[in-house]
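Nothing here was measured: the structure is a model prediction, and the numbers come from that model.
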Amino acid sequence: MNTTENKKQPLVSVIITTYHNEAYLSRAVESVLHQTYPAVELIVVDDNQPGTDERRATEAVMKKYPRAVYLKHPENRNGAAARNTGIWAAKGKYIAFLDNDDIYFSTHIACCVRELEDHPDCGAVLCGVVKIRGGCCWEVITPPEGELVRALLLSETALGTGSNLFARADLVRSVQGFDESFRRHQDVEFGVRIFSLCDARRVRKIQIVKEMDGFSNRPDFERFRATKEHFISKFQRELGALGPEERNTFYAGQWSSLLYAACGEENMQGIRTAVSEIGKYRKVSGKERLLVILCKFHIFFIYEGMKRFLKRRKSGKIYSQVTENLSEYDRKIFLDMLKG
């Protein structure tokens with residue numbers, strides 16, 4: 001890892017934020033250290049509470065990487081705050097983010113630098129992402145076409161992962177980094193603000209692996225609802241710029257996500273509220289009605305099991321797509337991730 005910046009090789013600061021999930025941290029760090037691009041500054045921000053087992057385990061991992069910049073919060077703050085700590089410490093021309101349970105393939109940084117050096121009118125790069133879960137390839141997400149703010153509003157998964165944010169450092173700082181009042185959706189919130197100022201290069205090649213087993217992916221209904229209300233309040237102007245059908249799509253999508261969260265905890269009041277709100281913007285879908293019925297009989301797990309079954313059937317095809325042009329090293333680490 002080379003932290004010297006020159007005209008040919010501008011420095012890239014990669015910020016890994018870590019909170020619990022320390023078992024995955026070495027894997028993320030190694031994916032940065034094995035980049036083909038040499039001018040990289042690695043910053044790891046530890047948001048674990050001091051004195052906890054998680055803090056001690058993270059400290060033990062980081063002793064293996066003395067060249068990394070290791071910053072420890074004096075108290076748990078949240079992921080957005082941890083990223084801001086890294087942003088203000090970064091020295092690079094470009095800033096990249098990596099969740100501690102995700103990885104980059106080895107050419108990711110080189111690809112992103114080339115795109116921004118060749119296109120000075122763009123402020124960021126978005127690449128293809130493969131999501132994995134339970135030992136199978138879950139899905140591939142490629143950067144959306146068209147206007148990015150609209151795409152992020154209409155689909156909260158359009159980024160693929162927060163690790164898919166690679167941008168010019170001056171742009172990141174011009175928007176004051178991440179909004180620390182967001183506990184969820186902080187990546188989408190940040191993306192809406194930076195893509196309101198600039199366009200991004202879209203690279204369809206899969207450069208990032210998102211691990212879906214390393215965290216709890218099902219939010220608490222009430223907290224999730226509060227986050228969405230906060231998001232809507234902040235971006236009233238952007239939502240107002242959407243056409244009527246797009247606004248209906250946005251609001252129905254928000255309530256559909258909340259319906260799924262309510263089903264996960266069998267929150268019948270939340271389910272009734274979500275279904276009622278969805279109906280204000282579009283017809284409740286057959287899938288959504290099925291979720292409600294399953295929850296009434298306390299068999300929501302059947303839907304989850306069927307979804308895993310269908311994803312596994314498609315996993316081999318996705319694996320072939322992802323690995324077709326990978327280097328031997330990248331193919332190996334990807335296979336190791338799938339094996340767990």
Side-chain angles (χ1 to χ4, degrees), residues 14 16 21 23-37 40 96-115 118 124-146 148 151-152 154-166 187 191 200-215 217-218 260 287 302-340:
V14 179
I16 298 178
N21 286 337
Y24 295 88
L25 180 57
S26 287
R27 190 176 68 188
V29 170
E30 291 289 343
S31 80
V32 176
L33 299 181
H34 282 86
Q35 291 294 299
T36 59
Y37 187 84
V40 176
F97 300 96
L98 180 61
D99 292 343
N100 70 342
D101 44 5
D102 296 350
I103 68 160
Y104 294 154
F105 285 141
S106 60
T107 59
H108 174 63
I109 293 177
C111 172
C112 292
V113 170
R114 182 171 61 250
E115 290 291 333
D118 291 347
V125 183
L126 295 178
C127 298
V129 175
V130 58
K131 294 183 175 182
I132 66 172
R133 184 177 186 181
C136 75
C137 300
W138 205 252
E139 65 179 323
V140 166
I141 296 178
T142 54
E145 301 293 337
L148 279 171
L152 293 186
L154 295 180
S155 173
E156 61 193 49
T157 63
L159 276 177
T161 171
S163 302
N164 203 13
L165 290 166
F166 186 106
D187 300 323
R201 295 293 299 169
R202 330 294 170 90
V203 177
R204 295 185 64 82
K205 182 179 179 182
I206 299 162
Q207 297 276 26
I208 300 167
V209 183
K210 177 178 178 59
E211 171 69 76
M212 298 173 66
D213 286 326
F215 60 94
N217 199 35
R218 183 176 293 148
Y260 186 77
K287 172 184 170 182
I302 291 178
Y303 170 80
E304 296 280 73
M306 182 58 69
K307 183 166 69 172
R308 286 193 295 270
F309 172 76
L310 293 174
K311 291 291 186 180
R312 285 187 179 279
R313 291 191 63 181
K314 297 179 180 179
S315 180
K317 183 177 180 180
I318 295 174
Y319 177 81
S320 297
Q321 175 189 351
V322 172
T323 59
E324 183 178 8
N325 296 309
L326 285 184
S327 68
E328 183 177 347
Y329 173 80
D330 287 337
R331 189 178 291 109
K332 180 181 183 304
I333 63 170
F334 184 51
L335 186 58
D336 287 346
M337 287 183 75
L338 289 172
K339 289 179 178 178

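In this structure a side-chain-to-backbone donor-acceptor pair under 3.5 Å is missing from Glu156 to Leu152. For the pair Gln35 (side chain) and Phe105 (backbone), a donor-acceptor distance under 3.5 Å is present. Here the side chain of Arg27 pairs a donor or acceptor atom with the backbone of Asp101 at under 3.5 angstrom. Side-chain atoms of Asp213 do not come within 3.5 Å of backbone N or O of Arg133 as any donor-acceptor pair.
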Side chains of residues 305-318: which donor-acceptor partners sit under 3.5 Å, not counting sequence neighbours?
{"from": "Lys307", "atom 1": "NZ", "to": "Tyr260", "atom 2": "OH", "distance (Å)": "3.0"}
{"from": "Arg312", "atom 1": "NH2", "to": "Gly134", "atom 2": "O", "distance (Å)": "2.6"}
{"from": "Ser315", "atom 1": "OG", "to": "Cys137", "atom 2": "N", "distance (Å)": "2.8"}

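Partners of Asn100 under the side-chain hydrogen bond (donor to acceptor under 3.5 Å, both in side chains) rule, at least two apart in sequence or in another chain, are Thr18. With sequence neighbours left out, Tyr303 forms a ring pair (Phe, Tyr, Trp, His ring centres under 6.0 Å) with Phe300. Every residue two or more places apart in sequence or in another chain that forms a side chain to side chain contact (heavy atoms under 4.5 Å, CB included) with Ala110 is listed here: Thr36, Tyr37. With sequence neighbours excluded, the residues forming a side chain to side chain contact (heavy atoms under 4.5 Å, CB included) with Leu154 are Arg150, Leu242, Glu246, Thr249, Phe250, listed by chain and number.
Applying the side chain to side chain donor-acceptor pair (under 3.5 Å) test to pairs two or more places apart or on separate chains, those with a residue in residues 328-338 are His34-Tyr329, Ser106-Asp330, Ser327-Asp330, Lys332-Asp336.
Side-chain contact between Arg202 and Leu148 is present, with at least one heavy-atom pair separated by less than 4.5 Å. You'll find the side chain of Cys111 reaches within 4.5 Å of the side chain of Gln207, heavy atoms only. At a threshold of 4.5 Å between non-hydrogen side-chain atoms, the residues Val130 and Tyr319 do not count as touching.
Residue Leu338 holds its CG atom at 8.5 Å from CD of Glu211, rounded to the nearest 0.5 Å.
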